[in-house]
Amino acid sequence: MKFSVLERAFYARPTLEVAEDLLGCLLVRELPDGQQLAARIVDLEAYIGEEDSACHASKGRTPRTQVMYGPPGHAYVYLIYGLHHLLNLVTEEAGRPCGVMLRAVQPLHNEEAMRALRQVKGRNLCNGPGKLTAALAVNKDYNQWDMTLGEQLWVAPRSEPLQETIQRGPRIGIDYAEPEDREAPWRFWLAENPWRSLR
DNA sequence: CTCTCGATGTTCT
DNA sequence: GAACATCGAGAGG
């Protein structure tokens, strides 16, 4: 199976545009043993710059947020609650700290291998931001990874036009943010897709 | 089905 | 020392 690669120009656009266009695209993972896994992106959230109080970069440039200030098309992976890795894709031009966090994916290719990595039944496999990283063996070693290389971890364009309609609403789990940012409809998902995140 | 709670490590105060 | 872009187990309805 050969998957093509979204190039850097795709990510170097306004974050909300990138977020919408990423829905239905394929997150592709190549394991050390050569196995390829692929899953459709069905649920995600945008985090938009220092002025977005929900964005990690709202605290400014730190060792942790450094990668968001770098060029687009790189991965921002961090550990949350000491347990779960979350995967973001850096967007917009270098110097502007923005990104998209992946919340849920739908297994498309080699689901058995994902189940081997994460032993659960049903849609529990990857319908949450911490679940999908486990199912695809993504951890903080992939922080700053260049997603345009087309090796180990990358995103491929939609294999066919979107059938589902796109829905949007407020982001999840950001109670600490300012009300206007908490309410901003910067989460996008595919309507009625059973693989989307539960919350 | 719902709710509550504990786990665990990094970051920032 | 608190907070954290979460998850799963266990209790109860």
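Note that the coordinates shown come from a computational prediction; the quantities given were computed from them, not determined experimentally. So you know, we letter chains A, B, ... as the sequences are listed, proteins then strands, and number each from 1.
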Got a salt bridge between E164(A) and R40(A), using NZ or NE/NH1/NH2 to carboxylate O under 4.0 Å? yes
Could you check how far OH of Y78(A) sits from P of dC4(C), rounded to whole Å? 12 Å
Result for 5'-nearest mapping on DNA chain C, choosing between V100(A) and K131(A), is V100(A)
G-U wobble or Watson-Crick pairing nucleotide for dT8(B) (cut-off 3.5 Å, both distances): none
Of the candidate nucleotides dG8(C), dC7(C), dA5(C), which contains the atom at the shortest distance from the side chain of N124(A)? dG8(C)
Quick check on dA5(C): is either OP1 or OP2 less than 4.0 Å from any side-chain nitrogen or oxygen of H56(A)? yes
Of all the nucleotides listed (dT10(B), dT6(C), dA7(B)), which has the minimum atom distance to the side chain of L83(A)? dA7(B)
P gap between dA5(C) and dC3(B), integer Å: 22 Å
Would you please say whether a donor-acceptor pair under 3.5 Å links the side chains of N110(A) and Q36(A)? no
Would you kindly check if the NZ (Lys) or CZ (Arg) of R8(A) is within the cone defined by 45 degrees around the ring axis of F10(A) and under 6.0 Å from the six-membered ring centre? no
Are H74(A) and Y11(A) close enough that their ring centers fall under 6.0 Å? no
Can you measure H84(A) atom NE2 to dG6(B) atom P for me and round it to whole angstrom units? 15 Å
Could you tell me the separation between the CD atom of Q119(A) and the P atom of dC7(C), rounded to a whole number of Å? 18 Å
Nucleotide nearest R118(A) (side chain, heavy atoms from C-beta), chosen from dA5(C), dC12(B), dC7(C): dC7(C)
Quick one: L132(A) CG to dG8(C) P, roughly how many Å, whole number? 12 Å
Using atom NE2 of H85(A) as one end and atom P of dT8(B) as the other, report the distance to the nearest whole Å. 14 Å
Just by distance, with hydrogens left out, do S58(A) and S53(A) show a side-chain donor and acceptor under 3.5 Å apart? no
Proximity to the side chain of L79(A) - top-ranked nucleotide from dC7(C), dC12(B), dG9(B): dG9(B)
Under the 6.0 Å and 45° cation-pi test, does R171(A) pair with Y47(A)? yes
Of the listed nucleotides dT11(B), dC7(C), dC4(C), the one nearest the side chain of I80(A): dC4(C)
Among side-chain atoms of E7(A) and T148(A), is any donor-acceptor pair under 3.5 angstrom? no
Heavy atom of residues 168-199 of chain A under 4.0 Å from DNA chain B: which residues? none
Has T62(A) got a side-chain N or O lying under 4.0 Å from the OP1 or OP2 atom of dT11(B)? no
Rounded interatomic separation in angstrom, taking CD from Q66(A) and C1' from dT10(B): 17 Å
Distance, rounded to the nearest Å, where L86(A) contributes CG and dG9(B) contributes P: 16 Å
Which nucleotide, dC4(C), dT10(B), dT13(B), lies nearest any side-chain atom of Y81(A)? dC4(C)
Considering only side-chain heavy atoms of K59(A), which listed nucleotide, dT10(B), dC12(B), dA5(C), is closest? dC12(B)
How long is the line joining CD of E45(A) and C1' of dC4(C), in whole Å? 14 Å
Can a side-chain donor-acceptor contact be found between Y69(A) and E50(A) if the only test is distance below 3.5 angstrom? yes
